[in-house]
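Notes follow the structure.
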Amino acid sequence: MGKPVLYMLNTWYDAPDQGPFYCPDCGIVEGFFIYNPKIKEQVDIIHVDFQRPRPEIIEPLGEENQGSPVLVLPDDSVSFDGIKKSMTTGKAFIDDSISICNFLAQTYNGIMPHPQD
């Protein structure tokens, strides 16, 4: 299987007197890597700016799917709940932070997030 590509947001400022801010969903994925440092080596991580458009994400997934975090899956990925397909490019991706963590943990034998009720 090829490496998945994970797009995460950089910290940003909204206005001169506001921020810096971080993306809470990206923080969940960053926390996952603290518990699973070897899995981090299995993923290409690209940090992108908060401002849209986000051309780095648009290229593989199309303009309609430029949210972050988003994990773009290799073409030979296994089936998994939560996988979506870009209508523009046909690429498979996961755009929910907990689903990203679960996919990576199951794919690379890592520690999984506790199930949410």
Side-chain angles (χ1 to χ4, degrees):
M1 181 168 97
K3 273 190 169 184
V5 179
L6 176 64
Y7 294 91
M8 305 267 278
L9 294 180
N10 292 318
T11 57
W12 72 91
Y13 289 87
D14 270 353
D17 296 334
Q18 296 180 339
F21 297 104
Y22 73 92
C23 169
D25 289 326
C26 292
I28 289 170
V29 179
E30 290 284 4
F32 169 83
F33 287 131
I34 290 171
Y35 294 105
N36 295 284
K38 291 185 188 242
I39 293 177
K40 191 172 186 176
E41 299 168 8
Q42 303 300 317
V43 179
D44 287 332
I45 300 172
I46 299 173
H47 287 90
V48 299
D49 289 332
F50 172 74
Q51 294 299 97
R52 290 182 187 221
R54 298 177 182 143
E56 303 92 341
I57 301 174
I58 292 171
E59 183 179 333
L61 296 179
E63 194 167 351
E64 69 278 10
N65 297 308
Q66 55 182 302
S68 184
V70 63
L71 184 68
V72 180
L73 305 174
D75 292 336
D76 58 352
S77 290
V78 296
S79 179
F80 182 81
D81 276 348
I83 292 178
K84 299 176 181 179
K85 277 213 177 212
S86 167
M87 299 296 260
T88 304
T89 67
K91 292 292 282 181
F93 67 95
I94 302 172
D95 62 356
D96 172 77
S97 58
I98 297 296
S99 295
I100 289 169
C101 296
N102 283 327
F103 174 84
L104 292 173
Q106 289 179 21
T107 301
Y108 299 106
N109 298 318
I111 299 170
M112 295 177 57
H114 188 273
Q116 297 176 343
D117 295 331

How long is the span from the [atom1] atom in [X] to the [atom2] atom in [Y], to the nearest 0.5 Å?
X: Asn109; Y: Ile39; atom1: CG; atom2: CD1; value: 8.0 Å
X: Ile28; Y: Cys23; atom1: CD1; atom2: SG; value: 8.5 Å
X: Leu71; Y: Phe93; atom1: CG; atom2: CZ; value: 11.0 Å

Does [X], at its [atom1] atom, have more than 12 non-hydrogen atoms belonging to other residues, nucleotides or ligands within less than 6.0 Å?
X: Gln106; atom1: CD; result: yes
X: Tyr13; atom1: OH; result: no
X: Tyr22; atom1: OH; result: no

Is there a path of hydrophobic side-chain contacts, each under 4.5 Å between heavy atoms of I/L/V/M/F/W/Y residues, joining [Y] to [X]?
X: Leu6; Y: Phe103; result: yes
X: Ile98; Y: Ile111; result: no
X: Tyr108; Y: Ile100; result: yes
X: Leu9; Y: Val72; result: yes

- request: Any ring pair (Phe, Tyr, Trp, His ring centres under 6.0 Å) involving residues 53-75? Give me the pairs, sequence neighbours left out, ordered by first then second residue.
  value: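 Those involving residues 53-75 do not exist here.
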message: Any heavy-atom pair between the side chains of Val70 and Leu61 that's under 4.5 Å?
response: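 Yes, at least one pair of side-chain atoms sits under 4.5 Å.
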message: According to side chain to side chain donor-acceptor pair (under 3.5 Å), does anything in residues 30-57 pair up with another residue at least two apart or in another chain? List the pairs.
response: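 The answer is Asn10-Asp49.
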query: Do any pairs count as a side chain to side chain donor-acceptor pair (under 3.5 Å) and have a residue in residues 85-105, sequence neighbours left out, and if so which ones?
result: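 Sorted pair list: Glu64-Thr88, Asp75-Lys91, Lys84-Asp95, Ser86-Thr89, Asp96-Ser99.
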Residues clustering with Ile34 (ILVMFWY side chains joined when closer than 4.5 Å, directly or via others):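 Taking Ile, Leu, Val, Met, Phe, Trp and Tyr as members, Ile34 stands alone, with no cluster partners.
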- request: State which residues pass side-chain contact (heavy atoms from CB on, under 4.5 Å) with Ile83; sequence neighbours excluded, sorted by chain then number.
  value: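 For Ile83 the side-chain contact (heavy atoms from CB on, under 4.5 Å) partners, ignoring immediate neighbours, are Leu73, Phe80, Ala92, Ile94.
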Heavy-atom closest contact ([X] atom, [Y] atom, distance):
X: Lys3; Y: Val43; answer: CE-N, 4.3 Å
X: Ser68; Y: Tyr7; answer: OG-O, 2.9 Å
X: Ile58; Y: Pro53; answer: CD1-CB, 3.7 Å

- prompt: side chain to side chain donor-acceptor pair (under 3.5 Å) with Asp14: which residues, sequence neighbours excluded?
  reply: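 Here the qualifying residues are Trp12.
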message: Would the distance check show the side chain of Thr107 and the main-chain N or O of Leu104 forming a donor-acceptor pair, the cut-off being under 3.5 Å?
response: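 Judged by distance alone, no pair lies under 3.5 Å.
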